[in-house]
Amino acid sequence: MATSSSRSLGQYRRIVVKIGSALLVERGELKRAWLEALVGDIVMLAEAQSEVLIVSSGSIALGRGVLGLPQGPLKLEESQAAAAAGQIALAQAYADALGQHGKKAGQILLTLGDTEERRRYLNARATIGMLLKMGAVPIINENDSVATSEIRYGDNDRLAARVATMASADCLVLLSDIDGLYTAPPAQDPDAVFLPEVPRITAEIEAMAGSAGSELSRGGMKTKIDAGKIATAAGTSMVITSGKELNPLKRLHEGARGTWFPALATPASARKAWIGGHLEPRGNISLDEGAVKAMKSGKSLLPAGVTAVSGTFSRGDAVTLLSPDGCTIGRGLVAYDVDEARLIAGRNSREIEAIVGYPGRAEMIHRDDLVLEDAFLNGTR
């Protein structure tokens with residue numbers, strides 16, 4: 001296991017960076033020099049072949065300034081109005097800063113349900129994947145302008161962890177006003193010891209997490225530890241480091257202090273385990289020999305290779321995959337509702353739009369959403 005001093009962001013291929021309001025906004029004004037330095041860091045990582053996603057707080061804090069709202073607690077409708085105004089200014093600031101380096105920004109606003117409900121989860125995952133494929137930087141925030149307490153996260157630490165797992169990122173960076181986890185709050189306890197690495201989040205580690213946050217930051221260390229539990233279980237390493245100085249990602253890349261939480265698996269293996277063992281199949285899809293052979297070589301399942309469809313599944317549900325002789329060879333997350341899957345079974349992907357009335361996905365099940373049984377892969381089935 002690498003120690004924190006030997007870690008570098010350059011070893012990760014897909015990185016989610018969470019930015020708190022207090023780092024980005026001061027007295028209702030955007031800290032443009034800080035943002036421009038951060039974007040320089042993102043460009044540096046992109047040149048090293050790393051993809052970067054940003055989960056950014058700041059819309060409400062910025063919207064306060066835009067709308068001239070006073071300091072102190074806001075009513076729900078005031079917060080939502082501030083978010084609506086601030087989100088425009090925030091997105092424009094990111095787009096302008098990235099544009100100076102020839103980069104594009106893509107804004108995605110999420111609520112809790114978007115990462116909990118499978119159909120919306122798959123839509124968000126596909127959008128993120130396409131933005132990255134096109135070289136754009138996804139800028140993600142909670143949809144504070146419409147979210148209420150029943151459908152919101154309330155902090156962007158846990159949202160960032162969910163985004164990291166959704167995007168199959170291998171690293172999550174939480175930029176904070178503190179440089180990592182200590183055995184006690186360092187501002188209160190002079191004997192607090194800094195922890196450079198936490199191999200596993202235990203009850204003892206959770207007890208160390210304080211709850212203090214600034215006026216602009218709803219989350220404290222507790223939400224960061226909660227984020228670590230989500231991320232590491234899904235195969236994403238996490239680091240908490242200070243974002244107070246300019247170029248925080250470059251500094252971390254060069255060995256700046258931070259607390260690292262190593263992943264307990266790889267993103268791919270964690271996702272495969274989730275699909276293979278934690279979702280109840282809602283139907284069956286029977287395959288021809290050509291489809292079986294293609295999937296064994298690592299390809300997606302196309303409609304042309306489907307011979308029969310049964311069950312009551314909806315898009316995003318898990319289904320069981322059956323070989324021509326009826327044996328279970330795996331399972332996956334299907335891209336179509338059962339009625340549409342029946343209509344396009346056995347047909348060429350180019351015919352999908354004419355059959356279902358919209359330009360659907362070419363794959364019945366994408367290879368990233370597919371897990372095959374060991375016995376099938378090893379030739380014993």
Side-chain angles (χ1 to χ4, degrees), residues 14-24 52-61 79 83 87 90 107-118 120-121 124-125 128 138-178 180-181 198 200-203 205-214 216-241 243 258-265 267 270-271 274 278:
R14 183 170 288 180
I15 302 164
V16 173
V17 180
K18 182 265 177 177
I19 300 165
S21 295
L23 298 176
L24 193 59
V52 180
L53 301 82
I54 300 295
V55 174
S56 179
S57 302
S59 61
I60 294 176
S79 292
Q87 195 62 53
L90 188 64
Q107 178 180 256
I108 302 174
L109 299 178
L110 299 174
T111 63
L112 178 63
D114 295 318
T115 59
E116 295 289 338
E117 199 271 321
R118 281 200 297 275
R120 287 150 68 187
Y121 173 99
R125 175 180 165 88
I128 288 171
I139 310 296
I140 300 157
N141 194 4
E142 183 154 22
N143 198 351
D144 287 310
S145 61
V146 301
T148 58
S149 58
E150 293 81 8
I151 61 170
R152 71 192 313 275
Y153 274 89
D155 70 86
N156 271 352
D157 292 323
R158 284 174 292 191
L159 175 62
R162 289 293 186 192
V163 168
T165 64
M166 177 191 291
S168 298
D170 49 3
C171 185
L172 168 61
V173 180
L174 300 184
L175 295 180
S176 178
D177 57 1
I178 191 170
L181 178 65
V198 176
R200 187 175 291 269
I201 297 173
T202 62
I205 293 297
E206 291 189 73
M208 295 175 188
S211 59
S214 72
L216 296 180
S217 175
R218 287 181 293 250
M221 189 58 71
K222 182 182 184 303
T223 64
K224 292 172 175 53
I225 297 302
D226 289 343
K229 290 163 67 176
I230 294 167
T232 56
T236 303
S237 293
M238 188 182 88
V239 58
I240 301 170
T241 191
T259 298
W260 288 88
F261 299 76
L264 304 179
R271 181 169 172 79
W274 176 64
H278 297 286

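For the numbers below, each heavy atom of this structure counts, side chains included, while hydrogens, waters and symmetry mates do not. Just so we're clear, the structure is a prediction, and the values are computed from it rather than from any experiment.
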Exercise. Between N141 and L159, which heavy-atom pair has the shortest distance, and what is it?
Worked result: C-CD2, 3.9 Å
Problem set entry | Pairwise distance OG1(T202) to CD1(I225) - rounded to 0.5 angstrom | 9.5 Å
Exercise. For A263, does its backbone N or O pair with a side-chain atom of S237 as donor and acceptor, under 3.5 Å?
Worked result: yes
For this session: Output, in order, the C-alpha distance, side-chain angles, deciding distance and verdict of side chain to side chain donor-acceptor pair (under 3.5 Å) for R200 and T232.
Result: CA-CA 9 Å; R200 187 175 291 269; T232 56; over 6 Å; no
For this session: Of all the heavy-atom pairs spanning T165 and R125, show the shortest one and how long it is.
Result: O-NH1, 4.4 Å
For this session: Starting at CD1 of I178, measure out to CE of M221 and round the result to the nearest 0.5 Å.
Result: 5.0 Å
Exercise. Does D157 offer a backbone N or O that forms a donor-acceptor pair with the side chain of T223 under 3.5 Å?
Worked result: no
For this session: Would you indicate whether the side-chain heavy atoms of E142 and S59 approach each other to under 4.5 Å?
Result: no
For this session: Could you please spell out the steps behind the side chain to side chain contact (heavy atoms under 4.5 Å, CB included) verdict for I205 and L181?
Result: CA-CA 9 Å; I205 293 297; L181 178 65; 3.9 Å; yes
Seminar exercise, completed: Taken to the nearest 0.5 Å, the spacing of I108 CD1 from I139 CD1 works out to 9.5 Å
For this session: Please tell me if the side chains of L110 and V163 come closer than 4.5 Å, counting only heavy atoms from C-beta onward.
Result: yes
Seminar exercise, completed: Only one of V55, I140, I19, L174 passes side-chain contact (heavy atoms from CB on, under 4.5 Å) with N156, and that residue is V55
For this session: Give the intermediate values and the outcome of side chain to side chain contact (heavy atoms under 4.5 Å, CB included) for residues S176 and K18.
Result: CA-CA 9 Å; S176 178; K18 182 265 177 177; over 6 Å; no
Exercise. How far does CD of Q107 sit from CG of L90, to the nearest 0.5 angstrom?
Worked result: 7.5 Å
Problem set entry | Intermediate values then yes/no, side chain to side chain contact (heavy atoms under 4.5 Å, CB included), T241 and L175 | CA-CA 5 Å; T241 191; L175 295 180; 3.7 Å; yes
Exercise. Can you name the closest pair of heavy atoms from L172 and A161 and give their distance?
Worked result: CD2-CA, 3.8 Å
Exercise. Do you know the tightest heavy-atom contact between I60 and S79?
Worked result: CG1-O, 3.7 Å
Problem set entry | From L264 atom CG to K229 atom NZ, the distance as rounded to the nearest 0.5 Å | 12.0 Å
Problem set entry | Shortest non-hydrogen contact between A169 and V16, atoms and distance | CB-CG2, 3.8 Å
Problem set entry | Non-hydrogen atoms of M238 and A227 that approach each other most closely | SD-C, 3.9 Å
